[in-house]
Amino acid sequence: MTIQISNITDPDEMYAALKAKLGNIVPDVELFYKSRLAARINRLKQERNAVILGHNYMEPALFHSIPDFVGDSLELSRKAAQTDKDIIVFCGVRFMAETAKILNPSKTVLIPSARAGCSLAASITAEDVRRLKAQYPGVPVVTYVNTYADVKAESDICCTSSNAVMVVNSLDSDRVIFLPDEYLARNVANETGKRIIFPTRQPRQSDAQIEFEMIGWHGRCEVHEKFTVEDIRAIRKDFPDVVILAHPECSPEVVAAADFSGSTTAMMKYVERTQAPRYLLLTECSMADNIAGANPDKEMLRLCSVRCPHMNEITLEDTLLALQKTQYVVDVPPDIRERARRAVERMIAIGPVGKKD
Ligand code: 13P
Ligand code: SF4
């Protein structure tokens with residue numbers, strides 16, 4: 001998706017454009033202040049020959065003003081691989097910026113905050129993966145892109161929430177190691193009909209007894225693990241006609257109780273192409289505002305105000321500083337980069353959409 005506002009460098013024009021999109025969602029004083037910052041960022045972006053990539057979880061004023069491209073993890077990886085700009089500014093979290101560097105090593109990749117981590121990426125180390133590979137020799141390793149580069153370097157192929165099922169099905173193996181998100185692994189196991197075990201929780205079985213096909217890890221997204229089936233029951237009681245969408249990082253019980261599950265972009269597209277009286281997203285809460293801004297005719301319910309604290313680190317102020325000071329430069333050591341690149345490129349070659357997209 002291309003956002004034309006990303007070319008606006010005049011502050012008053014930016015204010016008018018943001019007001020048209022977000023006038024009903026963001027307070028006027030905030031829009032005015034942020035329009036000044038956004039116009040300066042777009043001017044500097046042009047002067048420095050930079051491209052800005054923005055994840056779907058960016059706060060509404062940023063999301064609708066400065067990114068040249070917005071999208072889910074997979075779409076942004078593809079854009080990072082294709083850009084001919086000198087600088088990539090990644091408005092997202094560190095593992096995403098690392099993926100951009102892995103795919104485009106000759107470019108300068110910047111992330112506006114050095115503190116934008118991810119609970120899933122922090123849940124596993126390269127040494128953990130090496131131990132699992134020793135425990136299950138020859139079994140292909142699939143890692144979710146929500147991991148750091150050294151973990152990707154230990155894997156055979158990456159996946160995102162939009163292609164995880166497709167990636168697992170593409171492997172010519174009846175067993176896979178799938179890391180590190182417990183819930184995504186269980187959701188993929190459900191969709192592919194595979195059984196799953198968690199070696200960090202269950203005792204190892206002897207090979208003769210093995211009847212599983214996916215080997216998982218215990219990582220969880222600190223945002224999506226908060227949603228419960230009880231939340232869904234309560235909201236359906238008050239709004240029987242609501243359509244509920246859950247990100248596959250939610251528990252399998254939550255996904256089963258929802259009406260649709262898919263990547264952040266798959267959820268956006270679902271809302272855009274359907275006509276329900278109202279929608280509820282079980283994901284980072286900025287996304288409902290971002291969808292409402294682009295689709296004023298859709299009613300988006302808000303269950304909570306859960307924001308990802310890591311995505312929340314990325315602000316317009318820090319993005320301006322990133323371009324002014326060329327900070328924070330994201331680097332990946334060449335040996336790790338090369339091994340990680342194979343896993344990411346293998347994923348990109350497979351295709352963008354999963355079964356439910
Ligand atoms: P998507 O790939 O669906 O955008 O998800 C990224 C993410 O971090 C979700 O929490
Ligand atoms: Fe990581 Fe969850 Fe934040 Fe996504 S929402 S970046 S998975 S902590």
Side-chain angles (χ1 to χ4, degrees), residues 1 53-59 63 67 69-80 90-100 111-113 115-124 142-148 151-152 158-167 179-185 187-188 217-227 245-251 254-255 258 260-271 281-288 290-291 303-314 344 347-348 350-357:
M1 192 200 312
L53 305 181
H55 187 261
N56 290 329
Y57 287 166
M58 291 297 100
E59 60 96 357
F63 180 85
F69 300 100
V70 292
D72 64 15
S73 308
L74 184 63
E75 290 171 315
L76 295 180
S77 301
R78 288 175 179 275
K79 291 296 174 197
F90 213 114
C91 290
V93 291
R94 183 169 185 92
F95 74 79
M96 296 177 178
E98 277 190 357
T99 306
I111 186 162
S113 167
R115 293 185 302 273
C118 169
S119 65
L120 279 172
S123 74
I124 192 160
V142 181
T143 53
Y144 194 28
V145 283
N146 296 36
T147 47
Y148 292 119
V151 166
K152 290 186 174 78
C158 289
C159 73
T160 73
S161 59
S162 68
N163 62 13
V165 169
M166 210 180 253
V167 167
L179 309 169
D181 185 350
E182 170 189 344
Y183 286 160
L184 181 65
N187 286 322
V188 171
W217 192 247
H218 53 257
R220 286 193 191 169
C221 164
E222 67 192 88
V223 174
H224 292 95
E225 72 173 350
K226 290 194 171 84
F227 299 112
L245 296 83
H247 193 275
E249 289 169 12
C250 294
S251 75
V254 165
V255 167
F260 176 82
S261 177
S263 77
T264 53
T265 291
M267 287 192 278
M268 281 183 164
K269 286 185 179 159
Y270 183 95
V271 174
L281 302 182
L282 301 181
T283 194
E284 215 279 352
C285 74
S286 288
M287 237 183 71
N290 293 339
I291 294 179
L303 181 64
C304 60
S305 56
V306 178
R307 284 230 60 201
C308 168
H310 312 288
M311 292 284 183
N312 205 17
E313 285 285 335
I314 307 298
V344 177
M347 165 189 82
I348 287 185
I350 279 190
V353 289
K355 189 178 147 201
K356 289 182 174 179
D357 198 351

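First listed ligand is number 1; within each ligand, the first listed atom is number 1. Residue numbers start at 1 and run along the sequence shown.
Residue N146 touches ligand 1 through its side chain alone, judged by heavy-atom distances below 4.0 Å. Residue-level proximity to ligand 2 for E249 is carried by the side chain, the only part with a heavy atom below 4.0 angstrom.
Nearest to atom 5 (O) of ligand 1 among the protein's heavy atoms is H247 NE2, 3.3 Å. When hydrogens are left out, the protein atom nearest atom 1 (Fe) of ligand 2 is C118 SG, 2.4 Å; that is the closest non-hydrogen contact. Counting only heavy atoms of the protein, atom 6 (C) of ligand 1 lies nearest to S73 OG, 3.4 Å. Scanning all protein heavy atoms for the shortest distance to atom 3 (Fe) of ligand 2 gives C308 SG, 2.4 Å. Among protein heavy atoms, atom 3 (O) of ligand 1 sits closest to S161 OG, 2.7 Å.
In terms of modelled atom types and a separation under 3.5 Å, the side chain of T143 and the main chain of L179 share no donor-acceptor contact. Listed for the N146 side chain is no donor-acceptor partner under 3.5 Å among the backbone atoms of C221.
No more than 12 heavy atoms of other residues, nucleotides or ligands shown are found within 6.0 angstrom of CZ on R115.
Salt-bridge formation is not detected for the pair K79/E75: no Lys NZ or Arg NE/NH1/NH2 atom is positioned less than 4.0 Å from an Asp or Glu carboxylate oxygen.
Shown in contact with H224 at under 4.0 Å from a heavy atom are these atoms of ligand 1, numbered in order with element: 10 (O). Listed by number with element, the atoms of ligand 1 under 4.0 angstrom from any heavy atom of S263 are 3 (O). Here is the list of ligand 2 atoms found below 4.0 Å of a heavy atom in L120: 7 (S). Within the listing of ligand 2, atoms 7 (S) sit less than 4.0 angstrom from a heavy atom of N146. Close approach of ligand 2 to S119 (heavy-atom distance below 4.0 Å) involves ligand atoms 8 (S).
Side-chain atoms of Y144 and S73 include no donor-acceptor pair closer than 3.5 Å. Side-chain atoms of H224 and E284 include no donor-acceptor pair closer than 3.5 Å. In summary, the side chains of R220 and S123 do not present any donor paired with an acceptor at a separation below 3.5 Å, with no hydrogens or angles considered. Remark: the S162 side chain and the T160 side chain contain an N/O donor-acceptor pair separated by less than 3.5 Å. When only modelled atom types and interatomic distance are considered, T264 and N56 share a side-chain donor-acceptor pair under 3.5 Å.
Annotation: E249 places an N or O atom under 3.5 Å from an N or O atom of ligand 1; distance criterion only. The shortest N or O to N or O distance between T160 and ligand 1 is not under 3.5 Å.
Among the atoms of C221, no N, O or S atom is found under 2.8 Å from atom 3 (Fe) of ligand 2.
Ligand 1 has at least one atom lying under 4.0 Å from a heavy atom of H55.
Outside the 6.0 Å centre-distance limit, the rings of Y148 and F95 are not counted as a close aromatic pair.
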